[in-house]
2 protein chains.
Amino acid sequence: MPPEIYHNTISFVITDVARLMRAEFDRRTSGVGIGLTPGEARVLFSVSKAGPVRQAVLAERMGLEAMTLSTYLDRLEERGLLSRTADPSDRRAKLVSVRPEAEPIIQEILRIGAQLRADMSATIDPQKMEQLRQSLMQMRNCLIEMRPECPKGTSKA
Amino acid sequence: MPPEIYHNTISFVITDVARLMRAEFDRRTSGVGIGLTPGEARVLFSVSKAGPVRQAVLAERMGLEAMTLSTYLDRLEERGLLSRTADPSDRRAKLVSVRPEAEPIIQEILRIGAQLRADMSATIDPQKMEQLRQSLMQMRNCLIEMRPECPKGTSKA
DNA sequence: TCTTATAATAAGCGTTGCTTACTATTGATG
DNA sequence: CATCAATAGTAAGCAACGCTTATTATAAGA
């Protein structure tokens with residue numbers, strides 16, 4: 001084992017894991033021929049979980065700016081994976097929902113995600129993994145509360 | 001508490017935490033007038049830990065491509081925070097080291113990093129935090145081994 | 001009515017990181 | 001020693017992710 005070059009602080013390690021994970025996910029999905037980036041997959045998945053949902057609501061729950069989400073939705077809509085329909089109760093708003101064509105892709109993404117998660121934590125006690133998840137969620141909440149626009153009312157994910 | 005919109009899988013939570021952390025770090029450092037991005041700070045810190053070191057060695061240990069690192073070093077060198085000197089034992093290579101001017105900035109970065117870490121994990125048992133760190137490091141190792149260029153010999157960070 | 005607030009979007013940018021192709025040097029092999 | 005492959009660094013260019021600011025349409029309160 002090489003000498004530790006920098007402190008393995010939580011911050012650095014999390015950054016590393018996030019980056020490596022995204023790269024590996026990308027490798028696996030593109031290997032299977034799914035033409036989605038990890039970010040697109042995440043949005044598609046979230047829409048499928050949220051059912052028809054307003055963009056603003058989805059953005060807030062995903063912790064993204066409305067504009068950021070809008071761009072993702074553009075791409076996913078172009079590929080025919082989801083649709084935007086007018087919200088009958090507010091003509092400004094649009095409801096996003098997945099189209100049937102997306103279902104097999106979503107299933108595949110789920111499968112790949114679960115497999116990656118399993119591979120990545122193969123050497124780790126499941127109970128520890130669950131604790132890790134809990135702690136990370138707590139950290140996320142802390143960080144969300146630190147954001148300048150938070151007092152406005154933003155709170156969870 | 002809003003209904004969970006997507007599964008809070010490890011993957012998503014880690015991605016969120018990494019992003020939020022970087023944003024918060026950025027907010028704090030730019031608030032203090034340090035003109036460095038989180039990535040630049042990370043490189044500067046790593047150089048300060050590694051002493052005079054070859055770029056290729058540093059890149060490998062940081063888990064970055066040589067080119068990626070080179071670009072960061074360009075910017076840090078331009079700001080006079082570190083220097084590249086010829087390696088006497090190999091005229092192709094350069095040794096990177098921090099310049100004295102960088103010391104106060106490094107100290108400030110360390111301080112801010114430690115504070116952020118503390119704030120972010122305020123509600124978490126220190127022992128759990130340490131476990132979390134260990135588990136994440138294990139996950140990082142798993143992920144590093146999955147990379148296609150890994151068999152070549154790349155291994156740790 | 002008029003003003004303010006909200007939903008979505010257009011336009012444009014910054015950070016992080018990659019790949020591919022190139023130059024200069026090293027070191028091994030015939 | 002001549003040659004040729006490997007290595008250290010860099011130039012150029014691109015992709016993914018996410019943000020801010022400004023704009024348009026609609027809603028809702030004073």
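Predicted model only: the values in this text are computed from it and were never measured. Within every chain, numbering begins at 1; the chains are lettered A, B, ... in the order of the sequence lines, protein sequences first and strands thereafter.
Taking CG of A/L44 as the reference point, atom CD1 of A/I105 lies at 7.0 Å (rounded to 0.5 Å). Separation of atoms CD (B/E24) and CZ (B/R28) is listed at 4.5 Å; rounding is to 0.5 Å.
If you take CZ of B/R75 and P of C/dT15, they are 7 Å apart, rounded to a whole angstrom. Residue B/F12 contributes atom CZ, which lies 12 Å from atom P of D/dC17 at whole-angstrom precision. Distance A/L36 CG to D/dA16 P: 11 Å, rounded to the nearest Å. The CG-C1' distance, from B/D16 to D/dG18, rounds to 13 Å in whole Å. Following rounding to the nearest Å, A/R22 (CZ) and C/dG17 (C1') show an atom-to-atom distance of 8 Å. The separation between A/L76 atom CG and D/dC17 atom C1' is 14 Å, rounded to whole Å. Straight-line distance from the CE atom of B/M62 to the P atom of C/dT16: 11 Å, rounded to whole Å. At whole-Å resolution of the value, CZ in B/R42 and P in C/dT16 are 10 Å apart.
In this structure a side-chain-to-backbone donor-acceptor pair under 3.5 Å is missing from B/T68 to B/L64. A distance-only check finds a donor-acceptor pair linking the side chain of A/S135 to the backbone of A/Q131 [under 3.5 Å].
Distances shown here put a side-chain N or O of A/T37 below 4.0 Å from the OP1 or OP2 atom of D/dC17. Taking side-chain N and O atoms only, A/Y72 has no distance below 4.0 Å to OP1 or OP2 of D/dA16. OP1 or OP2 of C/dT26 has at least one side-chain nitrogen or oxygen of B/R91 nearer than 4.0 Å. Checking the phosphate oxygens (OP1, OP2) of C/dG17, a side-chain nitrogen or oxygen of A/R19 falls inside 4.0 Å. Between B/S70 and D/dG9 there is no side-chain polar atom (N or O) within less than 4.0 angstrom of OP1 or OP2.
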So which protein N/O to nucleotides 3-8 of chain D N/O distances come out below 3.5 Å?
residue	atom	partner	partner atom	Å
D/dT7	O2	B/R92	NH1	2.5

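In this structure, the nucleotide among C/dG17, D/dT20, D/dG18 sitting nearest to the side chain of A/L64 is D/dG18.
Between A/D87 and A/K94 there is no salt bridge, since no side-chain nitrogen of the basic residue lies less than 4.0 Å from a carboxylate oxygen of the acidic one.
A/T68 comes within 4.0 angstrom of a nucleotide base, judged by non-hydrogen atoms across all strands.
Legend: residues meeting side chain to side chain contact (heavy atoms under 4.5 Å, CB included) with A/R75, ordered by chain and number and at least two apart, are A/E40, A/T71, A/Y72.
Residues A/M21 and A/L36 share a single hydrophobic cluster, defined by chaining ILVMFWY side chains whose heavy atoms lie under 4.5 Å apart.
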